2 protein chains.
Amino acid sequence: MAATLRDVAEHAQVSVRTVSNVVSGYAHVSDRMRHRVLTAIEELDYRPNPVARTLRTGRTGVLALVVPEIDLPYFAELAREIINAAAEHGYRVMVDQTGHDHERERELLTGADRTMLFDGVLFSPLVTRAELLEMQPSTTMPLVLLGEHEFDGRYDHVAIDNVQAAADAVAHLLARGRTRVAAIGAQPDESYATPQQRTTGYERALRVAGLAVEPALLRPAAHYRRADGYRATTELLALADPPDAIFCYSDLLAMGAIRAVFDAGLRVPEDVAVIGIDDIEEGRYSRPTLSTVSLDTPYIAREAVARIAARIGEPDTPAVEVTAPHTVRARESTGGAR
Amino acid sequence: MAATLRDVAEHAQVSVRTVSNVVSGYAHVSDRMRHRVLTAIEELDYRPNPVARTLRTGRTGVLALVVPEIDLPYFAELAREIINAAAEHGYRVMVDQTGHDHERERELLTGADRTMLFDGVLFSPLVTRAELLEMQPSTTMPLVLLGEHEFDGRYDHVAIDNVQAAADAVAHLLARGRTRVAAIGAQPDESYATPQQRTTGYERALRVAGLAVEPALLRPAAHYRRADGYRATTELLALADPPDAIFCYSDLLAMGAIRAVFDAGLRVPEDVAVIGIDDIEEGRYSRPTLSTVSLDTPYIAREAVARIAARIGEPDTPAVEVTAPHTVRARESTGGAR
DNA sequence: TTGTAAGCGTTATCAG
DNA sequence: CTGATAACGCTTACAA
């Protein structure tokens with residue numbers, strides 16, 4: 001059986017208090033005592049039981065990361081950075097997937113499921129604004145929203161300027177001389193924040209350029225996977241007057257779009273230019289390489305972990321919003337360099 | 001403050017024992033009692049504290065999944081399946097990344113770090129055989145090895161037949177008429193099991209076909225990322241007598257390889273055929289689509305979780321080895337159909 | 001500086 | 001079938 005604090009105390013002929021002190025690195029302990037305890041720990045191969053510690057202190061040292069699906073490259077890359085950043089703050093990370101399931105999302109969000117298991121939650125979901133508004137702000141669990149919601153002052157928030165990012169992407173297409181720019185990624189359900197913001201940016205960029213917004217060029221995508229981009233693009237190309245450029249609301253949609261263009265016997269970027277958003281590694285090796293709006297995932301991850309750590313330490317502090325920078329990366333899919 | 005079992009007991013005018021019984025769904029409780037308790041729970045919005053439960057029972061309901069890096073698509077896809085499979089068994093999943101760090105890997109492996117935090121560990125690392133052999137089998141933590149180690153009867157093991165998978169890939173290339181088949185992914189450090197097994201399969205397939213094994217065509221790759229495949233391929237193409245086909249030890253290496261071929265002014269598959277291993281989704285949309293050896297990740301995930309659940313329930317049972325099936329998928333990168 | 005003891009919220013043993 | 005009550009292993013007043 002594993003040795004306990006008590007065993008160590010007995011073995012070292014000291015009180016549990018003293019052992020606890022040296023283990024926690026805390027209070028003042030005389031060198032003699034410390035040495036005695038340390039050798040006892042060594043001899044018994046003692047390891048503190050984190051569960052007991054948690055029950056006592058209320059801290060688990062665990063963060064929950066909630067994402068739609070961990071195998072979406074953007075979220076995988078985000079998870080990687082977050083796990084590393086969390087480790088630097090002494091936290092481990094549990095990954096939960098909502099799988100686009102609203103019920104599951106609400107469950108995770110309202111905390112019905114995570115009592116006492118986590119010190120905080122990093123939430124990067126697809127929640128609708130309605131759901132977010134309905135939420136009980138009474139929730140005692142520190143929560144940081146990741147990505148792309150509207151900041152309403154109730155929750156910490158690490159985001160990008162979605163409207164601007166989308167507008168920048170479209171402006172890039174326009175600057176390359178394209179005139180019929182389609183968009184893929186609008187949600188059938190208008191209540192999601194992210195797609196709506198991106199649509200707003202898309203429409204704004206067109207208007208600024210004096211171009212009309214054609215409803216037929218704005219395509220929905222249920223999820224943000226390659227297959228959805230492929231399907232939507234195929235539909236776009238079948239139009240009587242097809243687009244000469246496509247702005248996809250995610251890089252993964254764009255990868256599907258590119259493949260669809262070639263399968264239709266056309267070329268990227270010559271016939272159709274394609275730009276995405278996220279800057280996943282895949283797009284730096286694909287043929288053509290993918291132009292995109294880069295999101296600085298490491299920054300988002302570091303900032304998110306720093307925020308949640310701060311909030312855990314100081315729960316009663318006003319919510320802050322951090323806006324991560326974004327940059328347009330011109331690559332081959334819009335006629336740029338590799 | 002959150003209500004406790006005691007609060008519920010008081011409120012319902014029963015003993016904590018009874019409350020615990022109805023909460024755990026256990027023993028026999030009279031309908032009257034059950035009803036009284038249930039309404040009290042409702043009224044107080046009581047939720048059991050999993051930490052306290054864990055301290056008492058020794059079960060955490062948490063599995064650790066240890067992978068090199070979660071953003072490697074194969075591991076991201078594996079993680080997705082494992083998290084879902086674990087949920088069906090009532091487990092949550094904590095993700096740890098070794099980041100190719102041997103020290104970290106050993107730490108996680110010997111359990112120095114995970115005392116009492118997990119009920120079991122799913123380990124899909126890059127450990128060397130030496131490390132594995134050195135391990136204390138005394139470890140009390142249920143452990144299932146994933147992927148590609150040698151089965152030595154001490155640990156449960158869900159694997160594929162690596163030698164055969166590699167041989168099948170190379171045979172596929174040979175059947176397409178290629179005669180100079182290179183391989184990318186051998187490890188500089190010969191002690192890793194996976195690369196070595198794949199190299200064995202590669203050499204065996206060549207010999208069976210009566211071809212010589214040329215050391216110059218066997219390239220190392222430190223990690224299994226796109227950049228490594230790109231670099232190795234560039235070197236191969238600079239050879240006086242370059243290969244007409246490349247077998248990559250991972251799909252990600254293959255994506256880098258394909259890009260390198262085109263950047264060298266050559267074509268896939270016309271000049272150089274490329275095949276990978278893993279069957280990640282990316283390869284089903286890339287240009288050309290990637291021929292690969294499919295690994296049936298959902299099967300591996302289900303089996304792994306089933307094994308660990310079984311071992312947690314019944315620790316003193318002989319270790320078993322499960323071999324997951326694999327299939328060659330011929331796509332465009334070796335001249336196959338889309 | 002160190003020792004004693006009271007919980008943290010459960011489950012499980014033992015009576016009744 | 002239900003009620004007290006003792007752990008589970010740790011942290012931390014409170015004393016000494």
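Note that the coordinates shown come from a computational prediction; the quantities given were computed from them, not determined experimentally. To find a chain, count down the sequence lines: A is the first, B the second, and so on, and within it residues start at 1.
End-to-end axis angle for the helix from C/dT1-D/dA16 to C/dG16-D/dC1, using five pairs per end and rounding to 10°, comes out at 40°.
For C/dT11, one of the phosphate oxygens OP1 or OP2 lies less than 4.0 angstrom from a side-chain nitrogen or oxygen of B/S24. In this model, the phosphate group of C/dT10 is not approached by any side-chain N or O of B/T54 to a distance below 4.0 Å at OP1 or OP2. Phosphate proximity of D/dT11 to A/T57: absent, as no side-chain N or O sits under 4.0 Å from OP1 or OP2.
Contact annotation: side chain of A/R59 to base of D/dT11, donor-acceptor pair absent below 3.5 Å. The base of C/dT11 sits within donor-acceptor range of the side chain of B/R56, with an N or O pair under 3.5 Å.
Rounding to whole angstrom units, CZ of residue A/R17 and P of C/dG7 are separated by 17 Å. Separating the CD atom of B/Q13 from the C1' atom of D/dC1 is a distance of 18 Å, rounded to the nearest angstrom. Here the P atom of nucleotide C/dG9 and the OH atom of B/Y46 are 10 Å apart, to the nearest Å. Between the CZ atom of A/R53 and the P atom of D/dC8 there is a distance of 19 Å, given to the nearest Å. To the nearest angstrom, C1' of D/dC10 lies 14 Å from CG of B/L117. The CG-P distance, from B/D7 to C/dG9, rounds to 8 Å in whole Å. Atom pair B/L55:CG and C/dG7:P shows a separation of 17 Å (rounding to whole Å applied). For A/R32 and C/dT2, the CZ to P distance is 8 Å, given to the nearest whole Å.
For B/T4, the side-chain atoms get nearest to C/dT10 when compared with the rest of C/dT10, D/dT2, D/dT11. Set against D/dG3, C/dG3, D/dC10, the side chain of A/S15 has C/dG3 as its closest nucleotide. For A/S30, whose side chain is taken as the heavy atoms from C-beta onward, the closest listed nucleotide among C/dT1, C/dT10, D/dG9 is C/dT1. Each of C/dC8, C/dT2, D/dC10 was ranked by its minimum atom distance to the side chain of A/N21; first place goes to C/dT2. Residue A/L5 places its side chain closer to D/dT11 than to any other of D/dT11, D/dA4, C/dT4.
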Query raised in the report: Passes side-chain contact (heavy atoms from CB on, under 4.5 Å), B/I41 versus B/R47? Steps please.
Result: CA-CA 8 Å; B/I41 286 178; B/R47 314 269 176 68; over 6 Å; no
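Judged as a side chain to side chain contact (heavy atoms under 4.5 Å, CB included), and not counting sequence neighbours, the contacts of A/A52 are A/N49, B/L55. With sequence neighbours left out, the ring pair (Phe, Tyr, Trp, His ring centres under 6.0 Å) criterion links A/H11 to no other residue.
No donor-acceptor pair under 3.5 Å is formed between the side chain of A/R311 and the backbone N or O of A/L143.
Rounding to the nearest 0.5 Å places OG1 of B/T4 at 8.0 Å from CD of B/E10. Taken from CG in A/D119 to CZ in A/R92, the straight-line distance is 13.0 Å, to the nearest 0.5 Å. Note that CD1 of A/I82 is 10.0 Å distant from CZ of A/F75, once rounded to the nearest 0.5 Å.
For the pairing with B/Y91, the side-chain contact (heavy atoms from CB on, under 4.5 Å) check across B/L63, B/T60, B/V62 returns one residue only, B/L63.
Using a 4.0 Å heavy-atom distance criterion, B/V14 is classed as a sugar-phosphate-only contact.
In this structure, B/T18 and A/A52 both approach DNA chain D, and ranking their closest nucleotides by distance from the 5' end singles out B/T18. When each of A/V16 and A/M33 is assigned the nucleotide of DNA chain C with its nearest heavy atom, A/M33 is the one assigned upstream, toward the 5' end.
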